[in-house]
Trainee: 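First the structure, then my questions, so here it is.
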Amino acid sequence: MTIPKLEFPPFRLPPEAEALREQVRIFLEETLPKVKTEDRFASWTTPCPAFSQALGARGWIGITWPKKYGGGEKSFLERYVVTEELLGHSAPAGSHWLADRQSGPLLLRFGSEEQRQAILPRIARGECYFSIGMSEPDSGSDLASVRTRAEPVPGGFRVNGTKIWTSGAHRSHYCVALVRTSGQHGDRHKGLSQLLIDLQTPGISLRPIINLAGRHDWNEVTFTDCFVPETCLIGNEGDGWLQVTSELAYERSGPERFMQNFYVLRELVRVLGRQPSRRAAAILGRLVARLWTLRQMSVSVAGILEAGKSPAIEGALVKDLGTIYQQDLPEVARVLAESDATTEEDLADFLDIAQLSTLMSPTYTIQGGTTQVLRGIVARGLGLR
Ligand SMILES: Cc1cc2nc3c(=O)[nH]c(=O)nc-3n(C[C@H](O)[C@H](O)[C@H](O)COP(=O)(O)OP(=O)(O)OC[C@H]3O[C@@H](n4cnc5c(N)ncnc54)[C@H](O)[C@@H]3O)c2cc1C
C-alpha cells in the first residue's frame, strides 16, 4: 500500500518575482495612505477604493489573468509577492481582496464569456468588489447542508434564504452565493450551484454584524423572492460543490494566513531596541523562525499551484499552522515587551497594539475553515481516517 505523504518541495521565488517586489515597495512608499493602528490587523478586510484603484492602475490586481480580461498574464508567484508586500505594509487592500483572490479566478475558470467580459476588467481596475456567500446560520463547516434555495423559474431563479458572516457584503457589488437548485436525493453534494448576485437586486436585505473589536466586516444577507437571471449562473447547474471546493487551496495557503498581524512582530523588534537581552533575542528568534518556516511552506504551495496542481492538503496545513502562530504572537510579544521594552512610552504603545491584535485573533482559526476541520482534511489526505 502506498502511504500518501505531504509534499513541500523547496522552492525559491524566481528573479522576476523579486524584481517586482522592488517596484511594489516603491509604489507603496509613494501611495500607501496613512493606516490606522486598528486597521493594521485587518489589512485584507480594510476597504479603500482609492488604494485598490491605484493598485489596479499598476496592473497588480488580476495579475495572473489573460490580458483580454484586463489581467497581466504574469505568474502566480508574482501575485504572491504583491500579496506579501501588501500584508507586510498593512495596506488597506480590503476592497478588492476577495475579488482578486477568489471570485475573479472562479469566473475565469467556470464563468460564461459574457460574465468574464463584463466583470473581470472591472475587478482588475480595482473598481468592482465581491463577497462570498457560503455560510448560513446552520451551515458552516458542513457547507453541503446549505438551505438557501434557488428555484428555477422562467428566465432565471427565485432565491430565498439567509447567508451569514458575509464579509464585506455592505461594500461589495456582487456576492457569489452557494445555493441549492435541486433536491438532495441521495448525495447532498449534488444539486448545489453558484450564482453571481448583484447586491442591488430587489429582495436582498443586509444586517450588519459587529465583531469583538467593534468592526463592521460581517453581514447577514437575506434573500426574499429575489429574482436572479439565468445568465448569472456560474458554471453548470449542479456543479456548485465541485466549483466551491476548487477555490479552497487558493483561499487557504496564501500569506494572509500567517501575516495578518505581522505588524506586531515589526513593532516588537522596534520596542526591544537594537541590543535586546539574550533571552529576548532567543524568544524573538523563535517567533521569526516559525514565521520563516510558514513562509517557506506557503511559497512551496505557491510553486505547486503554479505547476498546475491542487495542493489541498498542504494548503490546509499552512492555514492550520499559520493561524495558530498568529494567535500565539500577540500574547508572547506582550509578555516579552512587558519585561524588555526599552522605554515606558514604547511599552504603552505596544500594549495597545497587542490588545487590538488579541481582539482580532479568535477569527483566524475559524475563517476559511476551522482548525478542527482542516486537521480532518489533513488526516484524511494522509490516509489516517
Ligand atoms: C473573520 C471571518 C470571516 C468570515 N467570512 C466569511 C465570508 O465572507 N463568507 C462566508 O460564507 N463565511 C464566512 N465566514 C464563516 C466561516 O466560514 C465559518 O464560521 C466557518 O466555516 C465555521 O462554521 P460555523 O461558524 O458554522 O461553525 P461550525 O461549523 O458550527 O463549527 C463549530 C465548532 O465545531 C467544530 N466542528 C464542526 N465540524 C467538525 C468536524 N467535522 N470535525 C471536527 N470539528 C468540527 C468546528 O471546528 C468548530 O469548533 C467567516 C468567518 C470568520 C471568523
Side-chain angles (χ1 to χ4, degrees), residues 38-39 41-47 93-103 106 129-148 161-180 188-189 192 194-197 199 204 206-223 240-241 243-245 247-248 250-252 254 256-257 260-261 315-316 319-320 322-324 326-327 356-381 384-385:
E38 61 262 36
D39 291 339
F41 313 103
S43 162
W44 56 286
T45 57
T46 298
S95 292
H96 69 271
W97 194 273
L98 294 178
D100 177 55
R101 179 185 76 187
Q102 220 158 318
S103 310
L106 180 83
Y129 313 133
F130 270 70
S131 55
I132 309 291
M134 295 187 194
S135 307
E136 297 186 1
D138 296 314
S139 304
S141 306
D142 185 16
L143 196 56
S145 66
V146 292
R147 285 191 300 199
T148 295
T162 300
K163 295 289 173 183
I164 199 166
W165 317 124
T166 322
S167 303
H170 56 299
R171 45 183 165 73
S172 298
H173 301 95
Y174 292 96
C175 174
V176 174
L178 182 69
V179 295
R180 189 156 283 289
R188 63 203 188 103
H189 298 105
L192 294 170
Q194 283 183 301
L195 293 180
L196 169 68
I197 301 185
L199 285 165
I204 300 179
L206 262 60
R207 181 178 70 83
I209 303 175
I210 308 300
N211 74 9
L212 200 61
R215 293 173 67 89
H216 175 198
D217 290 332
W218 286 316
N219 301 274
E220 186 180 71
V221 183
T222 304
F223 302 93
W241 185 255
Q243 294 174 196
V244 95
T245 46
E247 294 175 37
L248 295 176
Y250 288 91
E251 186 184 344
R252 290 179 174 157
E256 63 266 46
R257 300 307 178 184
Q260 192 157 343
N261 56 5
K319 189 195 173 256
D320 177 9
T323 50
I324 299 275
Q326 292 192 142
Q327 281 184 341
L356 285 166
S357 177
T358 301
L359 285 175
M360 291 299 289
S361 67
T363 63
Y364 302 152
T365 47
I366 303 172
Q367 62 187 333
T370 68
T371 297
Q372 292 74 18
V373 166
L374 295 177
R375 288 181 186 170
I377 292 170
V378 173
R380 191 175 301 114
L384 301 172
R385 64 185 279 245

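Note that ligands are numbered from 1 as they come in the structure, with each ligand's atoms numbered from 1 the same way. Side-chain atoms are counted along with the backbone in the values below, which use heavy atoms only and exclude waters and symmetry mates.
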Trainee: Please tell me if atom 41 (N) of ligand 1 is touched by the protein, where touching means a protein heavy-atom distance below 4.0 Å.
Mentor: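 When distances to the protein are checked, atom 41 (N) of ligand 1 has no heavy atom within 4.0 Å.
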Trainee: Under 3.5 Å, which donor-acceptor pairs link side chains of residues 358-366 to any protein atom two or more places apart or in another chain?
Mentor:
| residue | atom | partner | partner atom | Å |
| --- | --- | --- | --- | --- |
| Thr358 | OG1 | Ala354 | O | 2.6 |
| Ser361 | OG | Thr358 | O | 2.9 |
| Thr363 | OG1 | Met360 | O | 2.8 |
| Thr365 | OG1 | Gln327 | NE2 | 3.0 |

Trainee: If you measure from each heavy atom of Tyr364 to ligand 1, is any distance below 4.0 Å?
Mentor: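 Checking ligand 1 against Tyr364, which is what was asked, there is no heavy-atom contact under 4.0 Å.
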Trainee: For ligand 1, which atoms sit closer than 4.0 Å to a heavy atom of Ser167?
Mentor: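 Here the atoms of ligand 1 in question are 3 (C), 4 (C), 5 (N), 6 (C), 7 (C), 8 (O).
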Trainee: Within the structure, does at least one protein heavy atom fall under 4.0 Å of atom 19 (O) of ligand 1?
Mentor: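 Neighbour list for atom 19 (O) of ligand 1 includes protein heavy atoms (cut-off 4.0 Å).
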Trainee: Side-chain contact test, heavy atoms from C-beta onward, threshold under 4.5 Å: evaluate it for Gln194 versus Val179 and give yes or no.
Mentor: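 No. Closest side-chain heavy atoms not under 4.5 Å.
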Trainee: Which protein non-hydrogen atom lies closest to atom 39 (C) of ligand 1, naming both residue and atom, and how far is it?
Mentor: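 Here the nearest protein heavy atom works out to Val373 CG2, 3.9 Å.
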Trainee: Strictly less than 4.0 Å: does any protein heavy-atom distance to atom 34 (O) of ligand 1 fall in that range?
Mentor: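 So atom 34 (O) of ligand 1 lacks protein heavy-atom neighbours under 4.0 Å.
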Trainee: Kindly indicate whether the side chain of Val221, heavy atoms from C-beta on, has any atom under 4.5 Å from the side chain of Ile204.
Mentor: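 Val221 vs Ile204: side chains touch.
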Trainee: Can you report which non-hydrogen protein atom sits closest to atom 22 (C) of ligand 1, along with the distance?
Mentor: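 Minimum-distance protein heavy atom for atom 22 (C) of ligand 1 reads Thr370 CG2, 3.7 Å.
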Trainee: Determine whether the side chains of Arg215 and Thr46 contain a donor N or O and an acceptor N or O closer than 3.5 Å.
Mentor: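 On atom types as modelled, these side chains qualify, holding a pair under 3.5 Å.
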Trainee: So, Arg101 and Glu256, do they make that salt bridge, N to O below 4.0 Å?
Mentor: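 A salt bridge links Arg101 with Glu256.
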Trainee: For Thr148 and Glu136, does a side-chain donor sit closer than 3.5 Å to a side-chain acceptor?
Mentor: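 Yes, Glu136 and Thr148 have a side-chain donor paired with an acceptor closer than 3.5 Å.
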Trainee: Side chains of Asn211 and Asp217: closer than 4.5 Å at any heavy-atom pair?
Mentor: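 Asn211 vs Asp217: side chains touch.
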Trainee: Is atom 2 (C) of ligand 1 near the protein, in the sense that some protein heavy atom lies at less than 4.0 Å from it?
Mentor: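 It does: a protein heavy atom is found less than 4.0 Å away from atom 2 (C) of ligand 1.
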Trainee: Should the ring pair His170 and His216 be called parallel, tilted or perpendicular, given that the plane angle runs from 0 to 90° and is split at 30 and 60?
Mentor: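 The rings of His170 and His216 lie parallel, inter-plane angle below 30°.
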Trainee: Which residue supplies the protein heavy atom nearest to atom 9 (N) of ligand 1, what is that atom called, and how far is it?
Mentor: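 Protein heavy atom with the smallest distance to atom 9 (N) of ligand 1: Ile132 O, 2.7 Å.
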Trainee: Would you mind checking which non-hydrogen protein atom is closest to atom 15 (C) of ligand 1, with the distance to 0.1 Å?
Mentor: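 Sorting protein heavy atoms by distance from atom 15 (C) of ligand 1 puts Ser135 OG, 3.2 Å first.
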Trainee: Taking both backbone and side-chain atoms of Ile366, is any N or O found less than 3.5 Å from an N or O belonging to ligand 1?
Mentor: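 No; every N/O pair is 3.5 Å or more apart.
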Trainee: Starting from atom 26 (O) of ligand 1, find the nearest protein heavy-atom neighbour and note its residue, name and distance.
Mentor: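 In this structure, atom 26 (O) of ligand 1 has Gly140 CA, 3.2 Å as its nearest protein heavy atom.
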Trainee: Taking 4.0 angstrom as the limit, do Asp320 and Arg252 come out as a salt bridge?
Mentor: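 Looking at Arg252 together with Asp320, the answer is no, because their closest N to O distance does not fall below 4.0 Å.
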Trainee: When you measure from atom 7 (C) of ligand 1 to every protein heavy atom, which one gives the shortest distance, and what is it?
Mentor: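 Looking only at protein heavy atoms, the one closest to atom 7 (C) of ligand 1 is Trp165 O, 2.9 Å.
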Trainee: How about atom 44 (N) of ligand 1: does it have a protein heavy atom within less than 4.0 Å?
Mentor: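 Yes, there is a protein heavy atom closer to it than 4.0 Å.
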Trainee: Can you confirm, on distance only, whether ligand 1 has an N/O atom lying under 3.5 Å from any N/O atom belonging to Asp142?
Mentor: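 By distance alone, the answer is no.
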Trainee: What's the shortest distance from atom 49 (O) of ligand 1 to any protein heavy atom, and which residue and atom give it?
Mentor: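 For atom 49 (O) of ligand 1, the nearest protein heavy atom comes out as Gln372 OE1, 3.6 Å.
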Trainee: Under 4.0 Å from a heavy atom of Thr363: give me the atoms of ligand 1 that qualify, with their elements.
Mentor: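 Every atom of ligand 1 under 4.0 Å from some heavy atom of Thr363: 1 (C), 53 (C).
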Trainee: Using 0.5 Å steps for rounding, measure from the OG atom of Ser135 to the CD1 atom of Ile164.
Mentor: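 That separation rounds to 8.5 Å.
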Trainee: Just to confirm my output: which protein heavy-atom neighbour is closest to atom 52 (C) of ligand 1, and how far is it?
Mentor: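 For this ligand atom, the closest protein heavy atom is Gln367 CB, 3.4 Å.
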Trainee: Sequence neighbours excluded, which residues qualify as ring pair (Phe, Tyr, Trp, His ring centres under 6.0 Å) partners of Phe130?
Mentor: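 Checked Phe130 against ring pair (Phe, Tyr, Trp, His ring centres under 6.0 Å); matches are Tyr174.
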Trainee: Determine whether the side chains of Thr166 and Ser131 contain a donor N or O and an acceptor N or O closer than 3.5 Å.
Mentor: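 Side chains of Thr166 and Ser131: no pair found under 3.5 Å.
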Trainee: Do any nitrogen or oxygen atoms of Ser141 come within less than 3.5 Å of a nitrogen or oxygen of ligand 1?
Mentor: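 Yes: some nitrogen or oxygen of Ser141 is under 3.5 Å from one in ligand 1.
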Trainee: For ligand 1, find out whether one of its N or O atoms is nearer than 3.5 Å to an N or O atom of Trp218.
Mentor: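 In fact, backbone or side chain, Trp218 has no N or O that close.
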